2 protein chains.
Amino acid sequence: MSTWVTQLRKGLMEFCILNLLQHGESYGYEILQSLQQIEELVVTDSTVYPILSRLRKDGYLKVQVKPSSSGPPRRYFSLTALGRQRVEEMNLYWTNLQVGIDKLKRGNPGDEK
Amino acid sequence: MSTWVTQLRKGLMEFCILNLLQHGESYGYEILQSLQQIEELVVTDSTVYPILSRLRKDGYLKVQVKPSSSGPPRRYFSLTALGRQRVEEMNLYWTNLQVGIDKLKRGNPGDEK
DNA sequence: CTCCACTACTACGCAAAGCAGTATACTGGT
DNA sequence: ACCAGTATACTGCTTTGCGTAGTAGTGGAG
């Protein structure tokens, strides 16, 4: 994958995963599949699991283990209150960022006219 | 600045600078000021200059030195053909990415309805 | 029994942003 | 002439997250 995409993803993956979990709990493998459905976001499990661990350690996610009928027990992650708050902050930043970049693309904001 | 923003910026700064240069040549100091006008993008020169060097080394930018009446000579950067091509690729990816993330936010694409 | 899909995890390397420091040219005040 | 301040450019070193590759255990199909 091109370097710029690799770099752009930093932070983005976390953002995506948190947004995904807004729809309810899920486990690593499933999250992985969901992300893979979006071409621009394809990742491997070795990218996803560390993020989940980190988010949990930082108190944004909580885990609940449930047995699976087709493999090892699943670890279901869901947002904590802190996590929900964080997603909102991130979404706000993301929105503003898009506005900012749009400005930048169509000419300098309040510069020459 | 929060970690996630720091991380999110990776790759993004390059993207922004290239987009800025689509409006014509500019030099480091000026580019810096332009970026600073957008709150979500504030950077320091030590972030901008390495990117400019890199982009030049990779053939996306070309440089032309011109004397300044109020300081050391300015190094004007402008897009090469390769650079213009790259901006377009990036913009395409960026657009698709936004679509993808939007999908992800409003529920899984083609999943349950 | 063996292979494969499901599920989870870890170690190491790389690349980019951020902080802090260096360097040079010009301008204005004393 | 000197010094301060601003315009302009650059370079370590650190931090952090993604990517690659490898490990490991369960359950079902052949």
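Naming convention: chains lettered A, B, ... in sequence-line order (proteins, then strands); numbering from 1 in each chain. Keep in mind that this is a model prediction, so the values were computed, not measured.
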- Query: Once you round it to whole Å, what is the distance between P of dA16(C) and CG of L41(B)?
  - Reply: 18 Å
- Please state how far atom CG in L32(B) lies from atom C1' in dT6(D), giving the value in whole angstrom units. 14 Å
- Non-hydrogen side-chain atoms of N91(A) and Q22(A) separated by less than 4.5 Å: yes
- Value in whole Å for how far the P atom of dA5(C) lies from CD of Q36(A): 15 Å
- Item | Integer-rounded Å distance: dT10(C) C1' and L52(A) CG | 14 Å
- Let me know the distance between CD of Q64(B) and C1' of dA9(D), rounded to the nearest Å. 17 Å
- Message: I need the CH2-P distance between W4(B) and dG18(C), as an integer number of Å.
- Response: 14 Å
- Interatomic spacing from CG in N19(B) to CD in E88(B) - rounded to 0.5 Å: 10.5 Å
- Mind calculating the distance between CD (E30(B)) and P (dT8(D)) to the nearest angstrom? 8 Å
- Item | Side-chain ion pair, R74(A) and E25(A), N-O less than 4.0 Å | no
- Query: Between Y29(A) (OH) and dC9(C) (P), how many Å, whole number?
  - Reply: 14 Å
- Item | Test item: E14(A) and T3(B) side chains (from C-beta on) under 4.5 Å apart, heavy atoms | no
- Query: Does L35(B) reach the side chain of I17(B), with side-chain heavy atoms less than 4.5 Å apart?
  - Reply: yes
- Would you tell me if any nitrogen or oxygen in the side chain of R75(A) comes within less than 4.0 Å of OP1 or OP2 on dA8(C)? no
- Indicate for each nucleotide in nucleotides 17-27 of chain D, in 5' to 3' sequence, whether protein heavy atoms under 4.0 Å reach the base (B), only the sugar-phosphate (S), or nothing (-). BSBBB---BBS
- Message: With a 4.0 Å cutoff (strictly under), does any side-chain N or O of Y49(B) reach OP1 or OP2 of dA9(D)?
- Response: yes
- When rounded to the nearest 0.5 Å, the distance separating CG of D45(B) from OG1 of T47(B) is 8.0 Å
- Under-4.0 Å salt bridge between D58(A) and R54(A): no
- May I ask you to verify if any side-chain N or O of Y27(B) is less than 4.0 angstrom from the OP1 or OP2 atom of dA9(D)? no
